[in-house]
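Here is the structure we will look at.
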Amino acid sequence: MIAEAKVWECDRLLSDLNPEQREAVVSLDKPLLVLSGAGTGKTKVLTTKIAYIVNGGFGFPYQILAVTFSNRAAGEMKTRLAELTGNVDGIWLGTFHSICARLLRFHAKSVGLDQDFTILDADDQLKIIKQILRESNLDGKMAAGILHTISRWKDKCYRCDDKSIDGASLDGKIYKKYQERIRSYDSVDFGDLIMYVIQLFAENDDLLQKHRNKFRFILVDEYQDTNMSQYFWLRMLSPTGMGLCCVGDDDQAIYSWRGAEIGNILRFEKDFPQSKIVRLERNYRSDGHILGAAASIIAHNKRRLGKTVWTEGNMGEKVFVQCAYNGFDESKLAADKIQFLHQRNVKYAAMAILVRAGFQTREFEERLLAYGLPYRVIGGLKFYDRREIKDIIAYMRLVHQPNDSLSFERIVNIPKRGIGASVMSRLHQYAAATGTSLYQSAKHIVATNDLRPSAKKSLADFVAMIDNFREITEPQPTKLAQRILDETGYITDLKKTVEGASRLENLRELLVALEDFDTLKTFVEHISLVTDSIRTNDGDVVSIMTLHSAKGLEFDAVFLVGWEDGIFPHNLSLQDENLEEERRLAYVGITRAKKYVFISYAMNRRVYNQWQSNLPSRFLKELPLEHIVSQNFCISNMI
DNA sequence: ACTTGCTTGGTTTTT
DNA sequence: CCAAGCAAGT
């Protein structure tokens, strides 16, 4: 009876899929690579596969590990899975980093970390490196570059004593110091999250075996974006690839500059000789001409596994290629089309302007503003990057984990309490000498007569205040945040400044977001791993964003702007291997569209207030004439 | 502590 | 060119 119900349930799940999708779902006995072209239903396959495993009785939810690259993808999978099965409990579903954080919390002691370790963000990392540089009398401006180098090393799973690293080089030396420093803070960065878990498994075989047995099914989304560390991590959990199912699209690998190794997906068959590859090539998103244009462009790449995306849908509109006289005119072309489409009942929210680099958004913003068209810039300044948000979060982190010295340092004098550089250097000295945190040091120093009376009192008051906040057992984050804002005088301080109003607005938004959390602990963990902006529902507005942040999204109409050599492909990416990645970016851009693609370029453009004439993007020549309509529409209202 | 003037760089961005 | 970040001065 039960078996029968299950069979029926599985049939229902599978009936909704095309043959290739079905094969990808049903195949459980081999290492599986699902090559999933744009718009071919990869999330559907992943979620159905999970449902199939559970409902078909092949495994229990807690035996399934599903890893995604971004929080957005994890969230979407959760939603879709809930729709499909109504229940997602027990499944280990999350980003590489959140899953590693979870594992590491359980076993922190085994790698010598405190269970309450803090997770650093890029800002924290940069601060620490600047600190180290300054101590060595070196220029702090090098910090960003060094951080980049260290991050890439960590993506490759190189520890600071790794033989591949020249320990005598500046970067190598800073890496060592940096690692020492963050360890002493009981903190880890994003790279560490993966590396520590690898270390944990390498040093504790029983633990590794336990997890190998536990996770019988490992599903990996966006496999083309994994870095070496993540690859090693996966191979530890599934050395033979049995139960492993990687889904990805080598043609959409656009994050190599961040350590992603497209080689991981290209090498899959070699890594797992018993493996099977399923290609999802049937596209359900874009009309024929759009798909044809995208396919022709990507066919120019050499390093790819190769697949041909097709559709049964109609050919639709051809890709519209336009030349503008200059950048101003280009924005006008887009705005006019947006207006036109909207009159034809295309929603603003179904349209997007995709740029190569952040600075390009301004021209389009100005134009849409002038036209009175609603828009939103996605990406750019992140909600959690705002000063006031980071301040209040630092308070909350310090309340949760008093030894979080970075948070301590951030807010000890915010609002101003008269605790300046001299007090801080005294604290640092003490902390270094005793091997304790700044908070602990403050507690000790306050009991001595080392500080001038006023500073001593300020510091004592500060410590007492934090302790006071801590005494609220398991505080609800909203309430705690409200108290912090009131009792520290943060709000009062804010009201004195001009931009205070908008900052207050942001804080209010944060308080609302905080209501989703029951405990401070869950919030702090969440905030460390999620740096995405709070998704505000702006309603029916046009999206402006970079090509990178458009990945995974879809729109009826897509405006691909600035297709000029030097802008796109970008100046710094004109060498061969980088050019392939730029081309993938073009592929990603075109395949975001369901019905309309407008590509434009400008003959003249002002860059850093200097007029330059760029050649049309070399990618334009790769668009076959049968799929495009070209119009040299050179207007100018500026000259 | 806050201002001022100088230098410098100005792809992509998630975790 | 313009914004940000920093060193030095009030």
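What you see is a predicted model, and the numbers here were worked out from it, not measured in a lab. Naming: A, B, ... by sequence-line order, numbering from 1 per chain.
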Q: State whether A/K416 places a side-chain N or O below 4.0 Å from either non-bridging phosphate oxygen (OP1 or OP2) of B/dC2.
A: yes

Q: Examine A/Y601 together with A/F619 and report whether their ring centres are nearer than 6.0 Å.
A: no

Q. What is the nucleic acid contact for A/R356, judged by heavy atoms within less than 4.0 Å: base, sugar-phosphate only, or nothing?
A. base

Q. Please give, in whole Å, the distance from B/dT13 C1' to A/R72 CZ?
A. 12 Å

Q: Let me know the distance between CD of A/E581 and C1' of B/dT12, rounded to the nearest Å.
A: 9 Å

(Q) From C-beta outward on A/N413, which listed nucleotide comes closest to its side chain: B/dA1, C/dC6, B/dT12? (A) B/dA1

Q.
Given the structure, check if the side chain of A/R258 and the base of B/dT14 hold any donor-acceptor pair shorter than 3.5 Å.
A. yes

Q. Roughly, in whole Å, what's the span from NE2 in A/H148 to C1' in B/dT13?
A. 12 Å

Q) Under 4.0 angstrom, heavy atoms only, what part of the nucleic acid is A/K130 near: base, sugar-phosphate, or nothing? A) sugar-phosphate

(Q) What's A/F69 touching, base or sugar-phosphate or nothing? Going by heavy atoms closer than 4.0 Å. (A) sugar-phosphate

Q | For atom CD of A/Q360 and atom C1' of B/dG10, their distance in whole Å | A | 13 Å

Q: For A/G191, answer base if it contacts any base atom (sugar-phosphate contacts may also be present), sugar-phosphate if it contacts only those atoms, and nothing otherwise; contact means non-hydrogen atoms under 4.0 Å.
A: nothing

Q) Atom NE2 of A/H570 and atom C1' of B/dT13: how far apart are they, to the nearest Å? A) 15 Å

Q | Whether A/H548 stacks on the six-membered ring of B/dT12 base, 5.5 Å and 30° limits | A | no

Q.
Taking only side-chain N and O atoms of A/N571, does any of them lie within less than 4.0 angstrom of OP1 or OP2 on B/dT11?
A. no

Q. Ring centroid separation for A/Y255 and A/W257, is it under 6.0 angstrom?
A. yes

(Q) Quick check for you: among B/dT12, B/dT15, B/dT8, whose closest atom lies nearest to any side-chain atom of A/K141? (A) B/dT8

(Q) Should A/Y255 be counted as stacked on B/dT14, where stacking needs a ring-centre gap under 5.5 Å and an angle between planes under 30 degrees? (A) no

(Q) If I take atom CZ in residue A/R362 and atom P in nucleotide C/dC1, what distance separates them, rounded to the nearest angstrom? (A) 13 Å

Q) How many Å lie between CE on A/M545 and P on B/dT14, as a whole number? A) 12 Å

Q: Select from A/T95 and A/A357 the residue whose nearest nucleotide in DNA chain B is closer to the 5' end of that strand.
A: A/A357

Q. Which heavy atom of A/A66 sits nearest a heavy atom of A/M77, and at what distance?
A. CB-CE, 4.1 Å

Q: Send over the distance from A/W257 CH2 to B/dT14 C1', rounded to a whole Å.
A: 8 Å

(Q) Could you tell me how far B/dT11 sits from C/dA4 if I compare only their P atoms? Round to whole Å. (A) 15 Å

Q. Is A/R584 salt-bridged to A/E581, cutoff N-O under 4.0 Å?
A. yes

Q.
Could you check, using the six-membered ring where one of them is a Trp, whether A/W92 and A/H211 have ring centers closer than 6.0 angstrom?
A. no

Q) Rounded to the nearest 0.5 Å, how far does CD1 of A/I165 lie from OH of A/Y175? A) 5.5 Å

(Q) So if I take every side-chain heavy atom of A/S573 and compare against B/dT15, B/dT13, B/dT11, which nucleotide ends up nearest? (A) B/dT11

**Q.** 5'-most by nearest nucleotide on DNA chain B - A/E582 or A/G418
**A.** A/G418

Q: Return no unless some side-chain N or O of A/T546 is found under 4.0 Å from OP1 or OP2 of B/dT12.
A: no

